[in-house]
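Working notes, beginning with the structure itself.
For ligands, and for the atoms within them, numbers begin at 1 and follow the listed sequence.
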Amino acid sequence: MVLEQFKIVQMKITNICCIGAGYVGGPTMTVIAQKCPHIKVTVVDLNEDRIAKWNDANVDNIPVYEPGLGAIVAEARGRNLFFSTQVDKAIDEAQLIFISVNTPTKTYGSGKGMAADLKYIELCARQIARVSTTDKIVVEKSTLPVRTAQAIKNILENTGNGVQFQILSNPEFLAEGTAVEDLLSPDRVLIGGDTTPEGQKAIQSLVDIYANWVSKDRILTTNVWSSELSKLIANAFLAQRVSSINAVSELCEKTGANVNEVAKAIGMDSRIGSKFLKASVGFGGSCFQKDILNLVYISKSFGLNEVADYWEQVIIMNDHQKRRFSRKIVSTLYNTIADKKIAFLGWAFKKDTNDTRESAAIYVADDLINEQANIAVYDPKVKYNQVINDLNYLETRLDQENKNHITSYNDPYEACYNAHAIAVLTEWDEFKEYDWEKIYDAMLKPAFVFDGRNLLDGEKMKAIGFHYQTIGS
Ligand code: UDX
Ligand code: UDX
């Protein structure tokens, strides 16, 4: 007993491994490595190509675009930050293992279209169980349905080599596009663990890591289930604000009110707050929809149908907002867009990221291709192959048909050349700086701009001659 306690107290972490070198695992581990030079951090991934890119001598080629990330990778990589495909080795050497693999919405079987697919999580747990020869702290970094930690624990305890595992939940709250900033000064760090003495020691080991740069009052510790649920609920609340303001945007269009003015007026109420009130063509990203669907699924599985319906409405409103935008384009262009060139400025789900998962642009493009439009995409960080992959993923039509309707350009002026209309899908800052007179001159007339982000200067656009339409005015 004394010996056992001694061992637990001694858990000072010097070796970490993270499974999953994606948008969450990559940046998070990079910042941990920068802030904790005494800890060896190894990020592993099954995807060899992805790991090769993380190891590219030129940090402009790392697979995740985030402002400021390349410089930190350059500083820490090879010192105490390593990217590798040797998963077993990294697991065995680590005292603490983050699981940061993707948990997409299930596309098959029970819970299809709603529940999280935990296949990769389970594979990781089984791999950790098989490989480990020393005690480990296993940390859920991926966003997971409540009580997943229990499932991981069961697998580890029943298939392992007799070593001890502690499971923690440590959800990541970073937003893409501001990942580095968010990681360097998080609003809070949340760590959930068992209430047993061993659980509390494990929590403390992780607290000690974050305490290298985050002040203690911002590090919250809870039980595992509160932590798991808080992540889903934080995303649900954020998404709900976007759907709320988007619902208001439609009302504004009918009543003559202006959604930007309404957002400002309500946001100055300190109880409401000004953030996340930007009306848009609809939210995207890998998290909001998936996490709300998860919440809906869990609620239904407990028979809480009113709770489930309440949250599902956030998704219904978002789907409506995307569809409404494409319908507006079609109806404004005289109800026919067959063979017309529509330029898309932006494809990523928000600015300052190359991530396109669930981007509104994909769904708007899909609607417009149904109407036989030709879409010319320009996004500063997204290339043609990604655009085609995103459309193919919807399985609306064959790959070749998508390719027949999509082109992409490295130059925004070429994308807009001879276009009937421009749709702004992402709020990249550079769009504001374009020579809009030049774009106007090269377009077919009347020249339409549908600003799905209320990004451009409306007065200026109209003065140039554009038929300029925004969301919510
Ligand atoms: C993912 C989830 O989407 C999110 O819910 C969670 O909060 C964090 O993890 P993200 O990092 O954006 O977010 O996912 P992604 O960019 O797809 O990265 C996951 C990586 O895990 C991929 O590179 C994939 O190759 C890797 N992976 C997946 C493994 O290494 N092993 C597996 O078994 C499965
Ligand atoms: C979100 C959460 O913010 C983050 O805490 C969590 O860890 C992961 O999910 P992310 O999806 O990366 O982060 O970006 P976020 O800034 O939340 O934007 C999500 C979507 O909502 C984007 O498409 C964005 O354009 C849209 N949005 C956001 C709006 O349309 N209006 C707003 O006011 C805010």
Note to self: To check your reading of the model: name the closest protein heavy atom to atom 5 (O) of ligand 2, its residue, and the distance in Å.
What the structure shows: F173 O, 2.6 Å
Checklist line | Close approach, K231 and ligand 2, non-hydrogen under 4.0 angstrom | finding: yes
Notebook entry, point to check: Would you say R453 contacts ligand 2, with heavy atoms under 4.0 Å as the rule?
Noted result: yes
Next item on the list: Output, in order, the C-alpha distance, side-chain angles, deciding distance and verdict of ring pair (Phe, Tyr, Trp, His ring centres under 6.0 Å) for F288 and F283.
Entry: CA-CA 8 Å; F288 281 0; F283 61 73; 5.4 Å; yes
Next item on the list: Looking only at distances, please establish whether an N/O atom of ligand 1 is found under 3.5 Å from an N/O atom of T143.
Entry: yes
Margin query: Among all the protein's non-hydrogen atoms, which is closest to atom 29 (C) of ligand 1, and how far away is it?
Written below: V101 CG1, 3.7 Å
Checklist line | For atom 32 (C) of ligand 1, closest protein heavy-atom neighbour | finding: L46 CD1, 3.6 Å
Notebook entry, point to check: Does N235 approach ligand 2 within less than 4.0 angstrom via side chain, backbone, both or neither, non-hydrogen atoms only?
Noted result: side chain
Item checked: Nearest neighbour in protein (non-hydrogen) for atom 7 (O) of ligand 2 -> L174 O, 2.8 Å
Checklist line | Nearest neighbour of atom 28 (C) of ligand 2 from the list F283, F276, F349, F237, on a heavy-atom basis | finding: F276
Next item on the list: Among all protein heavy atoms, pick out the one at the shortest distance from atom 19 (C) of ligand 2; state its residue, atom name and that distance to 0.1 Å.
Entry: F288 CE2, 3.5 Å
Next item on the list: May I ask you to identify, for L238, whether its side chain, its backbone, both or neither come under 4.0 Å of ligand 2 on a heavy-atom basis?
Entry: side chain
Margin query: Which residue and atom name correspond to the protein heavy atom nearest atom 31 (N) of ligand 2, and how close is it?
Written below: K278 O, 2.9 Å
Notebook entry, point to check: Among protein heavy atoms, which sits nearest to atom 21 (O) of ligand 1, and what does the distance come to when rounded to 0.1 Å?
Noted result: G20 CA, 3.4 Å
Notebook entry, point to check: Do Y468 and E459 have a side chain donor and acceptor closer than 3.5 Å?
Noted result: no
Notebook entry, point to check: Does K106 reach the main-chain N or O of M114 with its side chain, forming a donor-acceptor pair under 3.5 Å?
Noted result: no
Notebook entry, point to check: Quick check: does any side chain N or O of E358 sit under 3.5 Å from a backbone N or O of S286, one acting as donor and the other as acceptor?
Noted result: no
Check: How close does the nearest protein non-hydrogen atom get to atom 4 (C) of ligand 1, and which residue and atom is it?
Finding: K290 NZ, 3.9 Å
Next item on the list: Look at atom 12 (O) of ligand 2 and say which protein heavy atom is nearest, naming residue and atom and giving the distance to 0.1 Å.
Entry: E176 N, 2.7 Å
Check: Got the closest protein heavy atom to atom 27 (N) of ligand 2, with its distance?
Finding: V242 CG2, 3.9 Å
Notebook entry, point to check: Taking non-hydrogen atoms only, is L123 closer than 4.0 angstrom to ligand 1 via side chain, backbone, both or neither?
Noted result: neither
Check: Is ligand 2 under 4.0 Å from a heavy atom in the side chain of C287, in the backbone, in both, or in neither?
Finding: side chain
Item checked: For atom 22 (C) of ligand 1, closest protein heavy-atom neighbour -> R50 NH1, 3.1 Å
Notebook entry, point to check: What protein heavy atom sits nearest atom 20 (C) of ligand 1, and how far off is it?
Noted result: D45 OD2, 3.4 Å
Next item on the list: Of the side chain and backbone of E172, name the one, both, or neither that has a heavy atom under 4.0 Å from an atom of ligand 2.
Entry: backbone
Check: At what distance is the nearest protein heavy atom to atom 2 (C) of ligand 1, and which residue and atom is it?
Finding: N102 CA, 3.8 Å
Notebook entry, point to check: Counting from 1, what ligand 2 atoms have a heavy atom of L277 closer than 4.0 Å?
Noted result: 33 (O)
Next item on the list: Could you name the option among G177, P171, A175, A263 that has the heavy atom nearest to atom 13 (O) of ligand 2?
Entry: A175
Check: Nearest protein heavy atom to atom 14 (O) of ligand 2, by residue and atom, and its distance?
Finding: K350 NZ, 3.4 Å
Item checked: Within-cut-off N or O pair, Y23 and ligand 1, under 3.5 Å -> yes
Next item on the list: Go through ligand 2 atom by atom and flag the ones less than 4.0 Å from a non-hydrogen atom of S280.
Entry: 29 (C), 30 (O)
Check: Does ligand 1 have an atom that lies less than 4.0 angstrom from a heavy atom of R357?
Finding: yes
Margin query: Under a 3.5 Å threshold, yes or no: a donor from one side chain and an acceptor from the other, between T356 and D390?
Written below: yes
